[in-house]
Amino acid sequence: MSYYKIDNLEQYFKHYNKSVREPRKFWGKIAQENFTWYQQWDKVVEFDMAEADIKWFTEAKVNIVKNCIDRHLAKRGDKTAIIFEPNDPSETALHITYNELHERVCKMANVLREQGVKKGDRVCIYLPMIPELAIATLACARIGAIHSVVFAGFSASAVASRINDSECKIVITSDGGYRGNKTIDLKGIIDEALDKCSCVESVLVVKRINSEINMKEGRDQWLQPLLDEASDNNVAEIMDAEDPLFILYTSGSTGKPKGMVHTTAGYMVYTAYTFKNVFNYEENDVFWCTADIGWITGHSYILYGPLLNGATTVIFEGVPSYPDFSRFWEIIEKHKITQFYTAPTAIRALAKENLEYVQKHPLTSLKVIGSVGEPINEEAWHWYNDHVGSKRCPLVDTWWQTETGGILISPIAFVTPTKPTYASLPLPGIQPVLMDDKRNEIEGNQVNGSLCIKFPWPGIARTIWGDHQRYKDTYFSAFPGKYFTGDGALRDEVGYYRITGREDDVVIVSGHNLGTAPIEDAINEHPAVAESAIVGFPHDVKGNALYAFVILKEVGEYRVRENLVKEINQLISDHIGPIAKIDKIQFVTGLPKTRSGKIMRRILRKIAEGDYSNFGDISTLLNPEIVEEIKEGKI
Ligand code: WTA
C-alpha cells in the first residue's frame, strides 16, 4: 500500500493513525517510493524536543532540484513547468517546459559557481515575480548554496539587516519591477542597502524594465551576458539530508531579523506530500498560487511542492487590481487554472467590487480553491465558495507557518468535508494539542487554548540562523517538549480546528506577518518620540490594521501632529517597507504598564478596537489612571 495519496475519508483516518503509531514507517515509505536519493537514510527521524534538535532522514544524500526537474525530463520534458503571466496582460505569457527550465537552471547554476559561490554560501535574491526568481532560487539549491529570498517590498534597511544577518556573498536583483501601473526601483534599493553590507562581493542584475541604473564597477554585472556564455551542463551538488536548503526571514518579537532555516530532505518530502493531497493534484492540472515567492507560501507551493510533483505552476507578476478587478478571474480562464490558492485579504478586497468582474469569466476549469495566511472570516469564506468555487470546488482553508515549511491543518480536497472558517483536521503526521495557561494539555472537544504540536514532522524549520538558543526559547520553551505555534485555536465538537489568531506580538496585516517590535523601533527613532506601542485592530479588507500609541518627548510638539504622522510613516517605510504603514496614531502621555515595566497590550488592543467594556484586572498596573486618559483620547 502506498501512503502518498489519500483517496477518501476512511483512508485519511487509516493513514493518520499509521502516521501517529508508526511515524518512521509512514514517512520512510513515502520518502522511499516518491523521490530519487543518492543514498538512503540511516534513521527516518531523530529528535530531542527539549533541545529543539530535530533531524529527518539522517545520513541520506539527495538533491532537491534533481527531484524537482531532472527526474521528470524523460516523461515530462516537453510539459510546461512554469507559466509566467506578466504584469501587463498585453505582454505574451511564457510557457517554460521542464526541458527549458532544466537548461536555464543549469546555466544559472554554472554562473553562480563561476562567481565563486560554493555549497553552504548564502545568496540573497531580491527580485520581482519573474521567471528568473524561480530560476535563481532553484540554481542555488542545485549547487547547495543557501538561498535567502527577500520579498521585494522590503526597504533598503530591512534588506541590509537580512543580508548581514546571514552574511550573503552575492545578491541577485533586477533593474526594477512592474507592479500594476507602477515600477519599483529594486536596484536603487539594493545600492542603498549595500552601503551597509560589507559581506557582499558581487551583484547580478536581471534586466526587466530597461531602466537607467547605476552599475558599480567591480561589483555589479548584468546577468544575461553571463548566462549566454554559460554551459548548460551542470552537475548537481550531492547534499546531506540535513544541509540547509534556505533561510527565510519572518517576524519576531524583537527587531532582530529571524532567519528560519529549512533543510533539504524533510522539507522536500513534506512539501511534495502536502501539495499532492491538500490540492488533489493530478497530472495535467494547472496550479496557481497567488503568493509572492518571497514568502513561505511561494517557496513551498509555487516552487517546490508543484515542481516535485511534476506539475505546471503559475508565476504572476502583477496585482489583482490591474488593469482592473477582473485580473485574477481572467487569468483563471486564460490558463485554465485547476487549483487556485490565495489569501483572505485578496478575497475581501475583490468581494467589495462589482460581482460582474468575477461573473463575466467562466471559472469552469477550477476544481479546488484554497486560502492561506490568516483566518478567513465567514463572509469572505462564503463569497469565495459561492462566486469563485461555485459551491462545487472544495475550499481548503490551509493553516501553517513559515516555521512549519508546509501545511499542517487543512481539509484535503474531495476527502475532508469543509466547514466555513475551520482549517478542519490535521494532516497525517501532525499531532496538534491545545494547552491551557498552566501548561496542561486540554483534552476533549469544544475547547480552546494555545496551539502546540507534540511530535516533529519532516517540514519543520530546524533552527534560526546563527541563534539556536532563540529558536529554542521562541518555540520550545513556553510548553516544554512541544512546538508552540504562537496561535490560539479552538476544537469543535467533532475535533475540527479553527485558528483564532496570534497570541503573541505578531499582527497579520493583509496576510503579511508583522512583528510589532521592529515597527516600534522605527517609530522611536523619530527625534520627537519618547516611546511607542503598536497593536492590531480589525479592518474589513486587511484583516488587521496597525494602531500606534505614541508618547512624545515634549507636549509642545503635539501642535505639529500632522507632520509627525507623515514623518513617522516615512520612518516605518524606510526601516521595514510600505507594508508596515500604520492606519491610526494616537498621541498619549503614558502607556499602561505592569510593575515589571511590560506594556499591557491587551488593554491597548481593546482601546484600539473601540471596545471599552471589559479591561479585566487593571489593578496590577503601575499607572491605572492612564487607561482612562487614553480611552478619552485627551491631549
Ligand atoms: C496565520 C503563512 C488562520 C497564523 C503560511 C500563522 C492562518 C501565521 C492561516 C503564519 C489560516 C496562516 N487560518 N490563520 N488558514 N494560515 N495563518 O509565517 O497566525 O507568513 O501563525 O506563514 O499566519 O504566517 P506566515
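Both counts, for ligands and for their atoms, begin at 1 and track the order of listing. Every heavy atom of this structure was used, including side-chain atoms; hydrogens, water molecules and symmetry mates were not. Computed from a predicted model, the values in this text were never measured in an experiment.
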Nearest-option assignment for atom 25 (P) of ligand 1, heavy atoms, candidates I499, N513, L408, T297: N513

Which class fits the ring pair F151 and F154: parallel under 30°, tilted 30 to 60°, perpendicular over 60°? perpendicular

Going by heavy atoms, is G373 under 4.0 Å from ligand 1? yes

Atoms of ligand 1 under 4.0 Å from any heavy atom of T398, numbered from 1 in the order shown, are 9 (C), 11 (C), 15 (N), 16 (N)

Looking only at protein heavy atoms, what sits closest to atom 8 (C) of ligand 1 is I508 CD1, 3.8 Å

Looking only at protein heavy atoms, which one is nearest to atom 13 (N) of ligand 1, and how far off is it? E374 O, 3.3 Å

Does the N or O separation between T402 and ligand 1 drop below 3.5 Å for any pair? yes

Looking only at N/O atoms, are R502 and ligand 1 under 3.5 Å apart anywhere? yes

Can the ring centres of W27 and Y273 be said to be less than 6.0 Å apart? yes

Any idea which atoms of ligand 1 are less than 4.0 Å away from a heavy-atom of V372? 5 (C)

Close approach of W400 to ligand 1, heavy atoms, under 4.0 angstrom: yes

Give me the nearest non-hydrogen protein atom to atom 19 (O) of ligand 1 as residue plus atom name, then the distance to 0.1 Å. D487 OD1, 2.7 Å

For atom 3 (C) of ligand 1, what is the closest protein heavy atom, and at what distance to 0.1 Å? P375 N, 3.1 Å

Measure up the F275 and F287 rings against each other and bin them: parallel (under 30°), tilted (30 to 60°), perpendicular (over 60°). perpendicular

Distance under 6.0 Å and angle within 45° of ring axis: K419 vs Y422: yes

Look at D505 together with R601 and state whether they make a salt bridge at an N to O cut-off of under 4.0 Å. yes

Taking only Lys NZ, Arg NE, NH1 and NH2, and the carboxylate oxygens of Asp or Glu, determine whether K542 and E374 approach each other closer than 4.0 Å. no

Looking only at distances, please establish whether an N/O atom of ligand 1 is found under 3.5 Å from an N/O atom of D397. yes

From H299 atom NE2 to D292 atom CG, the distance as rounded to the nearest 0.5 Å: 10.0 Å

Using distance alone, with no hydrogens and no angle criterion, decide if Y301 and T274 have a side-chain donor and acceptor under 3.5 Å apart. yes

